[in-house]
2 protein chains.
Amino acid sequence: MSQSSKLAVDAMGGDHAPDAIIAGLNIAAERQPRTFFLVFGDESRLQPLLAASKRLIGRYELRHCTEVVTGDMKPTVGLRLRDSSMRRAIDAVLVGEAQGVVSAGNTGALLALSKIVLKTLKGIDRPAMAAITPSAKGDVVMLDLGLNVVYDARNLVEFALMGTIFARIVLGLPAPSFGLLNIGSEEGKGDDTLRSAAATLRESPIAPQFHGFVEGHDIAAGTVDVVVTDGFTGNVALKTGEGALKLVGDLLRQVFSAGPFAKMGYLFARGALKRLKETLDPRRYNGAVLLGLNGVVVKSHGGADAEGFAHALDVAADMVTYDFNIRIAEALTEMDRAILSEDPVHHSHG
Amino acid sequence: MSQSSKLAVDAMGGDHAPDAIIAGLNIAAERQPRTFFLVFGDESRLQPLLAASKRLIGRYELRHCTEVVTGDMKPTVGLRLRDSSMRRAIDAVLVGEAQGVVSAGNTGALLALSKIVLKTLKGIDRPAMAAITPSAKGDVVMLDLGLNVVYDARNLVEFALMGTIFARIVLGLPAPSFGLLNIGSEEGKGDDTLRSAAATLRESPIAPQFHGFVEGHDIAAGTVDVVVTDGFTGNVALKTGEGALKLVGDLLRQVFSAGPFAKMGYLFARGALKRLKETLDPRRYNGAVLLGLNGVVVKSHGGADAEGFAHALDVAADMVTYDFNIRIAEALTEMDRAILSEDPVHHSHG
C-alpha cells in the first residue's frame, strides 16, 4: 500500500504561473488521491484559482508569500528574498511540513536554494540532476545534467547508485541496467576518472546491473535504463538529443504541408503521427530531479503547461511515496560495506 | 579556376571494400574531373573492378599492397604492418605523391598512423577531427570529435580557427559563424578552460565570426555554422544527435506501417518523406576529417556505400583544391600576430 505524501508547491514560478501551476495541481490531484499540497504564493491571485477547483477541496493549504523569484533574476539575488514562494516552499521541506518541493521557477535559484537550505544527504558528496528521456526501448534516466562540471570517480559511482534507485521508483524497473557515458565501449576508453569509476562499479553491489561504457547513440537506442555521466557532458547530450528531435519534428511539419499529396498523406496518417508525437511529447519528460538532498526537489520546465507541471508533481509524489532517500541511504551503506571490505588500504589501518 | 589534385585511396578498408570503394571512385571521378587517384590494395581483386569502369580510364594508378589493416585489428597491431593499403596511402601523402588520403578502414589505426607519419602542422598543438551534421539552417561543422580528451584553451582556439576555415572551404560560406559548446550561453558558464578560450577568441582576428557560447540544442537549430568543443563532449554530442535522428526514423517507419490508413498516408506523402530522408541522409554527412596534419586525411564511415565513399572523396578533393593547409598557416600567422601584439607579457621581453 502506498504512503500518503505532502508536496510543497511554488505556485509563482514559470512562464505560465500561477494559472498553469494550479491547473497542473488539478490534474495531479486526481491521479494522486493520497497527496496533500502546500501551495506557496500570492494569496490574492491564487485564492480565486484554487476556489474554482472542486477537485482540490480539502486537498491543499494556501500559504501567502509576498515575494517572487523571477525567471530573469540572478540566482544570487533570488537567494536573498526571504519571503519568496520558492524559498518558503523549500523551507517547508526543511522543517518537515512537506517531503518534497516542486517549482517551475528560476533554475539557478532553485538549485542553489535547495542545496543551501536542504543540504546534501549524509554519505553523498555531491547532489546530481536527473531527467527522463525517450528511447527505442522505453524511458531512460540520465544524470548528471549540469550540477557537476567538476567531479571525480566517487561522484560518478554515487550518480550510478542514485540513478538506478530513481529508475526503480519512477520507471518501476526492478533492477535497472546502467552504463557510463564514454567515447567508446572498450574498457580502455576515456580518462582515468571514468576508468576508475568503472573499476569501482564492477566490484560494487550494483555490478550485476552495470553494462559498462556506453556511447552517445546508446541513449536513444535504450541500450541501458540509466545513463551516468558528469554534469557538463550530460547537459550537452540531453540538449543535443532534444534539439535533434525538434529538428525532425519541424521538418515533418514542413514535409506534410509541402503540397496537396503530402497534405492528403497527413490526413490519412494523422492518427499514427499523433501517436508518434505522444511518444516523444516533451511534457511526458518534464521534471528534472535534484537527487542527493535531504528532501525531494523537482524542477519543472519553466515553459511547462498544466499537463507538464502535473507530470513533475507525479515524479515528486512517486519519490516521496516510495522513500527515495531511505533507499539511497540503504544502498550507500551496502556500497560502503562492499568497497571497504575489499580495500586493503582501509584494512591496514585496523 | 580550381587546381587539380591527387588523392591516395585505401581501397581495402571498410565493410564493403573493395567493391564499394571502387564504385565510389567511379561516382567521384565524374564529379571531380580534375582529380587523379592513387589506388592502394590487392591488385588481383582491384584490377578487375577498375578495368570494368570506363569512367576511370587514365584517372588512376593502382599500387599493389600485400597487407590489410582489418576493422577488428588493434590499432597498435595495424601500425606495424608496413605494406598495408592504409599505410602506403598515407605514405604517398608524406612523400608528396598525393595531397590527401581517404580511407574507410580501422579508425584508430588511421588516426594513429596519420599522426605518426604526417605529423602535426607547424603552429598547431593538436590535430582535431571534424564532421558535418544537419541542422534547421543547413549543414553545421562540429569539432573535435574524439581525438582530444585532454585539451587546453589554446587547443579550443586552434579548433575554432581550423573549423571556420574548413566550413569556408567545404560549405562554401564566406565568413562562417562559430560558437563554443557549453552548458549555458551566459559569459560566466563553464570551466576556466572554456572561459579562457572565449576571452582569447573575443580578441582574435576571427572575433567577428564568434557567436559566444552555444548549448546542445543549438547544434540542430543551426545557431552557428561551426560548433567548437573538446573531443569527449563532441564525440558524445555527435553520436547522441545521430541516435536521436535514428530513433525518430525508426518510429516513423513503425508509424507508417501501423494500419491501412497509415499505409495510405505513406503512399500520398511518399515524395515529401523521401525529401526528408534525403535531407537527413547519413551518406551526405559521411567523412570525418582530420584537421591539423601535414596533408589532408578523410575517414569514411566503415559501413559507407559507394555514394557515401564518393562524398568522403569530394570533401578531400575540396580541401586539397582550396589549399586548406595553406589557409590554416595564414590564419595562424594572423592569429599569433594579433595575440602577441596584445600581450603585455611578450612586450616586456623586447
Side-chain angles (χ1 to χ4, degrees), chain A residues 108 134-136 145-146 149-150 181-184 189-191 215-222 229 231-252 254-273 275-276 279-280, chain B residues 108 134-136 145-146 149-150 181-184 189-191 215-222 229 231-252 254-273 275-276 279-280:
Chain A
S135 90
L145 300 177
V149 175
V150 176
L181 193 56
N182 200 338
I183 61 172
K189 287 280 179 181
D191 61 12
E215 300 181 63
H217 51 80
D218 289 309
I219 302 170
T229 185
F232 191 91
T233 311
N235 184 292
V236 168
L238 185 80
K239 290 175 181 168
T240 300
E242 285 174 353
L245 292 181
K246 184 174 179 306
L247 172 64
V248 188
D250 292 348
L251 287 173
L252 271 177
Q254 283 173 32
V255 151
F256 279 112
S257 52
F261 278 102
K263 279 181 189 147
M264 188 76 86
Y266 175 74
L267 290 179
F268 277 103
R270 191 162 47 179
L273 284 170
R275 280 194 300 280
L276 171 68
T279 303
L280 302 175
Chain B
S135 92
L145 300 176
V149 174
V150 177
L181 193 56
N182 201 339
I183 60 172
K189 288 278 179 181
D191 61 12
E215 301 182 63
H217 51 80
D218 289 308
I219 302 170
T229 185
F232 191 91
T233 310
N235 183 292
V236 168
L238 185 80
K239 289 176 182 167
T240 300
E242 285 174 353
L245 292 181
K246 184 175 179 304
L247 171 63
V248 189
D250 292 348
L251 288 173
L252 272 176
Q254 283 173 34
V255 151
F256 279 112
S257 52
F261 278 102
K263 279 181 189 150
M264 189 74 87
Y266 175 74
L267 290 179
F268 276 104
R270 192 162 45 177
L273 284 169
R275 280 194 299 280
L276 171 68
T279 304
L280 301 174

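Bear in mind that the values here come from a model prediction, so they are computed numbers and not experimental data. Here is the naming used below: chain letters follow the sequence lines, and residue numbers restart at 1 for every chain. These numbers come from the heavy atoms of this one structure, side chains and all, not from hydrogens, waters or symmetry mates.
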One option among B:L251, B:V150, B:T229, B:V149 has the most heavy-atom pairs under 4.5 Å with chain A, and it is B:L251
Looking only at heavy atoms, the pair that brings A:L181 and B:F232 closest together is O-CZ, 3.5 Å
What donor-acceptor contacts under 3.5 angstrom involve side-chain atoms of residues 234-249 of chain B, with partners at least two apart or in another chain?
from, atom 1, to, atom 2, distance (Å)
B:N235, OD1, B:K239, NZ, 3.0
B:N235, ND2, B:L145, O, 3.0
B:K239, NZ, A:I183, O, 3.3
B:K239, NZ, A:E215, OE1, 2.3
B:T240, OG1, B:V236, O, 2.6
B:K246, NZ, B:D250, OD2, 2.9

Okay, A:N182 and chain B: the region with an atom under 4.5 Å from a heavy atom over there is both
Bottom line for B:I219: the part with an atom under 4.5 Å from chain A's heavy atoms is side chain
Among B:A221, B:G184, B:A220, the residue with the most heavy-atom pairs under 4.5 Å to chain A is B:A220
